[in-house]
Amino acid sequence: MDNLDENAINIFVDGSSYSGPRVGGMGVRIITIDDAGNEVVHDDQPLGVQGATNQQMELMACIEALQILRSRRSPVEDPDQYRRILIKTDSMYVQENYPRAMFQWPRSGWRTKDGAPVANAELWKKLLKEVRSATPRRVDIEWVKGHKSSIHNKAADRLAKGSAKGATRAPLTITTVRRKKTSQSVERGSVPLTGQRLTIRIITDEYLRVQHCYRFKYEVMSKASPYFGNVDIAFADFMLRAGHTYFVQMGTNTKSPEIVKCYREIETKG
């Protein structure tokens, strides 16, 4: 059963992501209760996004929903009669981190308590902008158990999947990707950091505009290292190019993984 607030604009959102090639989609269902107690339902299926992750699409669905409400195509005829917008999502990532995005991360320079850059910071900032634009209506985000437990969430899920399979827009960020040489999958923390020097090959490079640093997925190429072949994530204040191999010094905080120095690029054959 879906518990709706008759005094609020109820929004069910969902995000989806498919691989090969990666593409994400969003679904939005907006519901109000009329004077007779009936549900007034409006569905929206925004364009999908190339290269997007599921978490990005869960965030984008919230952003798109709020943008729809303040646009000329808003399905709510008299939004001023409502003082609350209730977004329901089956994403615990969005629901649990919403308070942090509101009150903690802006003060910390969009860094976690361990010092690592917050993922998807640009999208979180866009969401906060939409929340402020909704004033004087308060925007609450509530977790709902997905699909079978919620008719409206199941509908949003169908819309999100259709969005991902339809026309798409450009990627949210520019990320350069190269095929990895190892058979290992990326695993955060699989390379414990002790300030060691390593030969690494960059698999992906991405510039994080909010934190003014780079995010890398890398594989360990040092055969003498116990972590040879492992794939992990690290950040740096300087650029390293995907597909290139470097001799570097790592930081000492595995929870906030950094490449602190690049000694040289290593020429590789093939």
Smallest separation among heavy atoms of Gly15 and Glu58, with atom names: N-OE1, 3.2 Å
Are Arg201 and Tyr246 linked by a side-chain donor-acceptor pair shorter than 3.5 Å? no
Quick one about Ser150 and Asp2 (side-chain donor to acceptor, distance below 3.5 Å, no hydrogens or angles considered), yes or no? yes
Does the distance from a Lys or Arg side-chain N to an Asp or Glu carboxylate O, for Glu219 and Lys181, drop under 4.0 Å? no
Between Asp80 and Arg137, does any NZ, NE, NH1 or NH2 come within less than 4.0 Å of an OD or OE carboxylate oxygen? yes
For Ser91, is there any backbone N or O sitting under 3.5 Å from a side-chain donor or acceptor partner on Thr89? yes
Can you find a pair of side-chain heavy atoms, one from Leu47 and one from Val49, that are under 4.5 Å apart? no
Please check if the number of heavy atoms outside Gln81 that lie under 6.0 Å from its CD is greater than 12. yes
Kindly indicate, with the supporting measurements, whether the criterion salt bridge (charged side-chain N to carboxylate O under 4.0 Å, His left out) is fulfilled by Lys129 and Glu122. CA-CA 11 Å; Lys129 181 180 179 181; Glu122 280 194 81; over 6 Å; no
As a test of understanding, state which of Arg22, Gln55, Gln56 forms a side chain to side chain donor-acceptor pair (under 3.5 Å) with Ser17. Arg22
How far apart are the closest heavy atoms of Leu240 and Phe216, and which atoms are they? O-CE2, 3.1 Å
Run the salt-bridge test on Arg241 and Asp205 with the 4.0 Å N-O cut-off and return the result as yes or no. no
Minimum heavy-atom separation for Cys213 to Tyr207, with atom names? O-CD1, 3.3 Å
Is there side-chain contact between Thr32 and Tyr82, with heavy atoms separated by less than 4.5 Å? yes
Take a 6.0 Å sphere around CD of Glu6 and say whether it holds more than 12 heavy atoms from other residues, nucleotides or ligands. no
Would a distance-only check, ignoring hydrogens and angles, find a side-chain to backbone donor-acceptor pair under 3.5 Å from Glu258 to Thr254? no
Is there a side-chain contact between Tyr227 and Ser222, using heavy atoms and a 4.5 Å cut-off? no
Just so I know, are the side chains of Leu198 and Val191 near enough to count as touching, which here means a heavy-atom distance under 4.5 Å? yes
With no hydrogens and no angle check, is any side-chain donor or acceptor of Asp34 less than 3.5 Å from a backbone partner on Gly37? yes
Quick check: Trp124 with Tyr93 (ring centres under 6.0 Å apart)? yes
Would you check if Ile33 and Glu39 make a side-chain contact, meaning some heavy-atom pair closer than 4.5 Å? yes
Determine the minimum heavy-atom distance between Gln95 and Ile141, stating which atoms define it. CG-O, 3.9 Å
Smallest heavy-atom separation, Ala61 atom then Val28 atom, equals O-CG2, 3.8 Å
Heavy-atom side-chain proximity of Glu64 to Asp44 below 4.5 angstrom: no
Close side-chain approach of Ile30 to Asn10, heavy-atom, < 4.5 Å: no
Heavy-atom pair with the smallest gap, counting every atom of Asn7 and Asp5: N-OD1, 2.9 Å
